Amino acid sequence: MPLRQVIGAATGAAFLLLATPSAVAVSVGALSAPSETVTVNSTGHLAADGTVTLSGTYRCLSGTGPVLVSSSVSQGDSRIRYGIGGTAAVCDGAEHRWTNSEKRTSGTLAPGAAHVEATLVELSPALGGLPLPLFHASQQQDITLMEG
């Protein structure tokens with residue numbers, strides 16, 4: 001196989017992995033040590049100005065790069081997800097709380113049932129200086145968005 005085709009195939013595979021972080025997060029999270037976890041609280045808060053606040057807990061052992069707890073929420077159409085902030089994680093083996101908030105256009109989300117995904121992800125140093133995501137844990141949870 002010519003070198004161009006090999007490079008093209010490898011690049012395409014890398015883009016597919018980066019384009020589907022939730023699928024990678026689930027599979028890698030399932031293989032990670034049981035002591036690396038992320039949870040989502042069963043309720044979130046939606047302020048009158050559109051600010052969404054989500055929370056939960058996390059535990060991770062170590063990281064060679066910055067580790068973050070990211071979260072997203074969907075309501076109604078599961079194909080539409082809204083990123084809700086990110087929190088820097090401390091990977092010392094202890095359980096910590098995380099809270100992410102993000103202001104959304106008023107009316108984008110409404111009080112009631114919603115679906116949240118939280119991911120504990122490390123920006124791992126790689127050759128060439130471009131950090132690559134390394135997923136420590138992921139959790140999907142149906143929640144209730146409460147006014148307030």
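None of these values were measured; they are calculated from a predicted model. Starting from 1, each residue takes its place in the sequence as its number.
Closest of all the heavy-atom pairs between A88 and Y58 is O-OH, 4.2 Å. When all heavy atoms are compared, the tightest approach of H136 to C60 is ND1-CB, 4.5 Å. Taking each heavy atom of L145 and A110 in turn, the nearest pair found is CD1-O, 3.8 Å. A pairwise comparison of heavy atoms in A114 and V73 identifies CB-CG2, 3.8 Å as the closest pair. Closest approach of S106 and A48 over heavy atoms only: OG-O, 3.8 Å.
Between atom CD of residue E102 and atom OG1 of residue T108 there is a gap of 11.0 Å, rounded to the nearest 0.5 Å. Atom CG of L130 is separated from atom OG of S124 by 11.0 Å, given to the nearest 0.5 angstrom. Rounded to the nearest 0.5 Å, atoms OG (S70) and CG (L120) are 8.5 Å apart. The CZ atom of R59 lies 7.0 Å from the OG atom of S35; values are rounded to the nearest 0.5 Å. Rounding to the nearest 0.5 Å places CG of L68 at 12.5 Å from CH2 of W98.
Counting only heavy atoms from C-beta outward, the side chains of T37 and Q139 never approach each other to under 4.5 Å. Annotation: side chain of I143 is in contact with side chain of L54 (closest heavy-atom distance under 4.5 Å). Using a 4.5 Å heavy-atom threshold, the side chains of V121 and L134 count as separate. Annotation: side chain of E36 is in contact with side chain of L61 (closest heavy-atom distance under 4.5 Å). Between V38 and T119 the shortest side-chain heavy-atom distance does not fall below 4.5 Å.
Sorted by first and then second residue, the side-chain hydrogen bond (donor to acceptor under 3.5 Å, both in side chains) pairs involving residues 75-94 (not counting sequence neighbours) are S72-R81, S74-R81, D77-R79, T87-N100, D92-H96.
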Go through the steps for S55 and R97 under the test side-chain contact (heavy atoms from CB on, under 4.5 Å), then give the verdict. CA-CA 7 Å; S55 60; R97 294 195 51 70; 4.1 Å; yes
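Under a 3.5 Å cut-off, the side chain of R104 and the backbone N or O of G50 do not form any donor-acceptor pair.
Counted by atom type alone, T57 and T39 present one or more donor-acceptor pairs between their side chains at under 3.5 Å. Side-chain contact, T51 with S101: no donor N or O sits under 3.5 Å from an acceptor N or O. No side-chain N or O of Q141 forms a donor-acceptor pair with one of H115 less than 3.5 Å apart. Between the side chains of E122 and T64, at least one donor N or O lies within less than 3.5 Å of an accepting N or O.
If you chain together hydrophobic residues whose side chains sit under 4.5 Å apart, F135 and V116 never meet in one group. Taken together through direct or relayed side-chain contacts under 4.5 Å among Ile, Leu, Val, Met, Phe, Trp and Tyr, V90 and V67 form part of one hydrophobic cluster.
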